[in-house]
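First listed ligand is number 1; within each ligand, the first listed atom is number 1.
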Amino acid sequence: MEPNLILDYMQRYFYSDITRDCRFRWTHLIELQKAIRHFEPEIIESLRADLGKAPQESYMTEIGMVLKEIDFAVKHVNKWFRLKRKPTPLSIFPATSRVIQEPYGSVLIMSPWNYPFQLAMIPLIGAVAAGNCVVLKPSELAPHTANIIETIIKEVFPPQYVSVVQGDASVGEALLNCNFDMIFFTGSPKVGRIVMEHAAKNLTPVVLELGGKSPCIVHKSADMEMAAQRITFGKFLNAGQTCVAPDYVVVNSESKEQFIKYLQIAIEKAFGKKPLYNEELPRIISDHHFTRLLRLMKGEKIAVGGEFDRAKKKIAPTILDDITWESPVMQEEIFGPILPVISYDNYDRLLSRLKRAPSPLAFYIFSEDESAIKDAIHTVPFGGGCVNDTVMHLVNSHLPFGGIGNSGMGKYHGKYSFDTFSHSKSIVRKLHYFDLRLRYHPYDEKKYKIIRKFMK
Ligand code: NAD
């Protein structure tokens, strides 16, 4: 069906007000959870087929996160939905004030390939909890997962409520040409700009969840062994194809050698001596990205790894040493299992460099020095991050997730998703029994004095 016709159909359904009923949303979220549990083996199989993910990793970073997010929404949606009374200032007395959370209407959600299940489903949960209808466009680069998403959606929702539209960039463009009430996009800053251009034509509200180069500082006060272990986890999860993976590490120059040794130990512990033969190591999504990643490694000093298998599209977890800020690998988001290590001597100068760089989605610091931690968190602009860990801030549904500047705008997860997919409508209700006449013409000196007093 043509995107415009789907939207037409959906708008009529939305205007019937059926999705305004909180119980209706709640029931569909419960049904969605049941369907995901039912299709769990197929989801795991699809993620294996698209990205070579191990079942444990698929559960931990995709299915489990989605089920948890539904649990959270189901538990709280009633409270989020309820009308909120607000205080009323004396200047508009007698009156009551409240906020009504209203769904936008028909929402377009576009998702990427790297966590193809989770990054399509978590925004969907927020959109449904808030009472919207949804067109969901998964990434064409993870076709098996896109198919199972479509099957699940068809099982749970009528097509006029939630529909999956599959296809490549041309389908994405066709959807962007429709007049949706809101667009939620996860992907690259390059396509994010295209999304915004289309949205500008109709003044459509947009959320952009983008990527970028997320730094990781290992301060001289850090527990180096623990830092290496946790950085290895966050970086090589999904073979580095994670939007919040530490893109590169900056380590104090005196500790660099020791730190790289710890990284080598941690990588060997996780993936063995021959990572390319390890079934748990995911593969690179496409030939294009595989070739791009090899280009980034070319000519650099490889401290660990460096092996690759073009037929299997696998690259061993790789550490690059003696990298400078000017190296080619530092000029773009890596999005693969390559970790450049840069050394620093002056901490303040490092922070001021990071402050001027395009704002990343995530930021990590390993340190036991409170003032070093505080300085870094306050100086560097970033979406979200961790102290003495990587990636784990994503797991907490109480925390907002989203970028800033080059890494995007808007936030979601938990209650933040509900708010993002809702318009907050403010209502002041005036009462009849008394009317303060100060605001009405004609004005005089006495009224003026009282108004000034009220509005102090
Ligand atoms: P992408 O921008 O290429 O594609 C994202 C979506 O947009 C896909 O559905 C794709 O089909 C569609 N698309 C591509 N070109 C289009 C066009 N010209 N017009 C309309 N639609 C188009 O991103 P990707 O390669 O799938 O994902 C990788 C990027 O996403 C990285 O930059 C990564 O950091 C970022 N990312 C961000 C997050 C986050 O939560 N902030 C999560 C995952 C990935």
Side-chain angles (χ1 to χ4, degrees), residues 3 50-51 61-62 65-66 69 108-124 126 135-143 145-146 149-150 164-178 180 183-199 206-214 234-235 237-247 284-290 292-293 332-336 358-363 382-385 391 393-395 399-413 416-417 420:
D50 287 330
L51 284 144
T61 62
E62 305 236 32
M65 278 186 73
V66 172
E69 184 77 7
L108 172 63
I109 295 176
M110 300 175 79
S111 54
W113 52 262
N114 61 329
Y115 288 85
F117 187 69
Q118 190 244 107
L119 291 172
M121 287 297 176
I122 294 190
L124 173 76
V135 169
L136 177 59
K137 191 211 148 317
S139 170
E140 71 282 14
L141 294 182
T145 312
I149 288 174
E150 186 163 358
V164 173
V165 175
Q166 292 202 47
D168 59 11
S170 65
V171 173
E173 291 251 13
L175 287 166
L176 290 174
N177 282 326
C178 300
F180 281 93
I183 303 172
F184 186 102
F185 171 81
T186 308
S188 60
K190 184 177 141 221
V191 181
R193 285 191 182 89
I194 297 174
V195 171
M196 258 195 123
E197 272 172 35
H198 281 82
V206 181
V207 171
L208 298 179
E209 298 288 337
L210 312 176
K213 286 186 88 62
S214 298
K235 177 68 189 188
L237 200 63
N238 199 21
Q241 302 167 111
T242 303
C243 55
V244 287
D247 188 87
I284 306 306
I285 189 72
S286 66
D287 288 327
H288 163 73
H289 282 291
F290 188 84
R292 181 183 65 80
L293 290 166
E332 62 185 82
E333 182 183 8
I334 298 170
F335 224 56
S359 309
L361 183 59
F363 173 81
F382 58 92
V391 178
H393 59 296
L394 238 84
V395 174
L399 293 178
F401 176 63
I404 172 175
N406 197 58
S407 55
M409 58 186 76
K411 47 197 172 302
Y412 73 126
H413 285 193
Y416 297 95
S417 287
T420 285

| field | Tyr115 and Thr242: side chain donor to acceptor below 3.5 Å | value | yes

| said: Can you confirm, on distance only, whether ligand 1 has an N/O atom lying under 3.5 Å from any N/O atom belonging to Tyr412? | reply: no

| Any idea which heavy atoms bring Leu361 and Leu210 closest together, and the distance? | CD2-O, 3.4 Å

| query | Is any side-chain heavy atom of Ile334 less than 4.5 Å from a side-chain heavy atom of Lys213? | reply | yes

| message | Residue-level breakdown please: for Glu209 versus ligand 1, do any non-hydrogen atoms fall below 4.0 Å on the side chain, on the backbone, on both, or on neither? | response | both

| How about Asp50 and Thr145: does a side-chain donor come under 3.5 Å of a side-chain acceptor? | yes

| said: Taking a cutoff of less than 4.0 Å between a non-hydrogen atom of the residue and any ligand atom, is Tyr115 in contact with ligand 1? | reply: no

| query | Should Glu332 and Arg292 count as an ion pair when the cut-off is N to O under 4.0 Å? | reply | yes

| task | Report the part of Leu361 (side chain from C-beta onward, or backbone N, CA, C, O) that has a heavy atom under 4.0 Å from ligand 1; answer both or neither where that applies. | result | side chain

| task | Compute the shortest N/O to N/O distance between Glu140 and ligand 1 and return yes if it is under 3.5 Å, no if not. | result | yes

| query | If you measure every N/O of Glu333 against every N/O of ligand 1, is any gap under 3.5 Å? | reply | yes

| request: Verify, without hydrogens or angle tests, whether Ser359 (side chain) and Asn406 (backbone) share a donor-acceptor contact under 3.5 angstrom. | output: no

| request: Report the member of Val191, Thr186, Val171, Leu136 with the shortest heavy-atom distance to atom 5 (C) of ligand 1. | output: Thr186

| request: Write out the residue and atom name of the closest protein heavy atom to atom 36 (N) of ligand 1, then the distance separating them to 0.1 Å. | output: Cys243 CB, 3.6 Å

| Is the shortest N/O to N/O distance between Ser407 and ligand 1 below 3.5 Å? | no

| message | Give the atom numbers and elements of ligand 1 that come within less than 4.0 Å of a heavy atom of Ile194. | response | 18 (N)

| query | At their closest point, which heavy atom of Met121 faces which heavy atom of Ile149, and how far apart are they? | reply | CE-CG2, 4.0 Å

| said: I want to confirm something. Looking only at heavy atoms, which of Phe185, Phe401, Phe335 is nearest to atom 7 (O) of ligand 1? | reply: Phe185

| message | Tell me the protein heavy atom at minimum distance from atom 24 (P) of ligand 1, and give that distance in Å. | response | Trp113 NE1, 3.4 Å

| atom 12 (C) of ligand 1: nearest protein contact (heavy atom, Å) | Met110 CE, 4.1 Å

| query | If hydrogens are left out, which of Asn114, Leu176, Val244 has an atom nearest to atom 44 (C) of ligand 1, that is, the closest non-hydrogen atom? | reply | Asn114

| field | Ligand-residue contact atoms, ligand 1 with Leu119, heavy atoms, under 4.0 Å | value | 42 (C), 43 (C)

| query | When the ring planes of Phe335 and Trp113 are compared, do they come out parallel, tilted or perpendicular, using 30° and 60° as the limits? | reply | perpendicular

| Got the closest protein heavy atom to atom 23 (O) of ligand 1, with its distance? | Ser188 N, 3.5 Å

| Who gets closest to atom 8 (C) of ligand 1 by heavy atom: Gly172, Ser111, Gly187, Pro112? | Ser111

| Among protein heavy atoms, which lies nearest atom 19 (N) of ligand 1, and at what distance? | Glu173 CG, 3.4 Å

| query | If you count the atoms of ligand 1 from 1 in the order shown, which ones are under 4.0 Å from a heavy atom of Gly211? | reply | 34 (O)

| Which protein non-hydrogen atom lies closest to atom 17 (C) of ligand 1, naming both residue and atom, and how far is it? | Ala169 CB, 3.8 Å

| query | Taking N or O atoms only and a 3.5 Å limit, does Asp168 qualify as a polar contact for ligand 1? | reply | no

| Polar-atom distance check: Leu210 versus ligand 1, any N or O pair below 3.5 Å? | yes

Which pairs of donor and acceptor atoms, one on a side chain in residues 165-172, lie under 3.5 Å apart (sequence neighbours left out)?
from, atom 1, to, atom 2, distance (Å)
Gln166, NE2, Asn147, OD1, 2.9
Gln166, NE2, Glu150, OE1, 2.7
Asp168, OD1, Ser170, N, 3.0
Asp168, OD1, Ser170, OG, 2.6

| request: Give the ring-plane orientation class for Tyr412 versus Phe184, where under 30° counts as parallel, over 60° as perpendicular and anything between as tilted. | output: perpendicular

| message | If I take atom CG from residue Leu293 and atom CD from residue Gln241, how far apart are they, to the nearest 0.5 angstrom? | response | 7.5 Å

| Could you state the interatomic distance from CG (Leu136) to CE (Met110), rounded to the nearest 0.5 Å? | 10.5 Å

| field | Any residue meeting side chain to side chain donor-acceptor pair (under 3.5 Å) with Glu62, in chain and number order, not counting sequence neighbours | value | Lys53

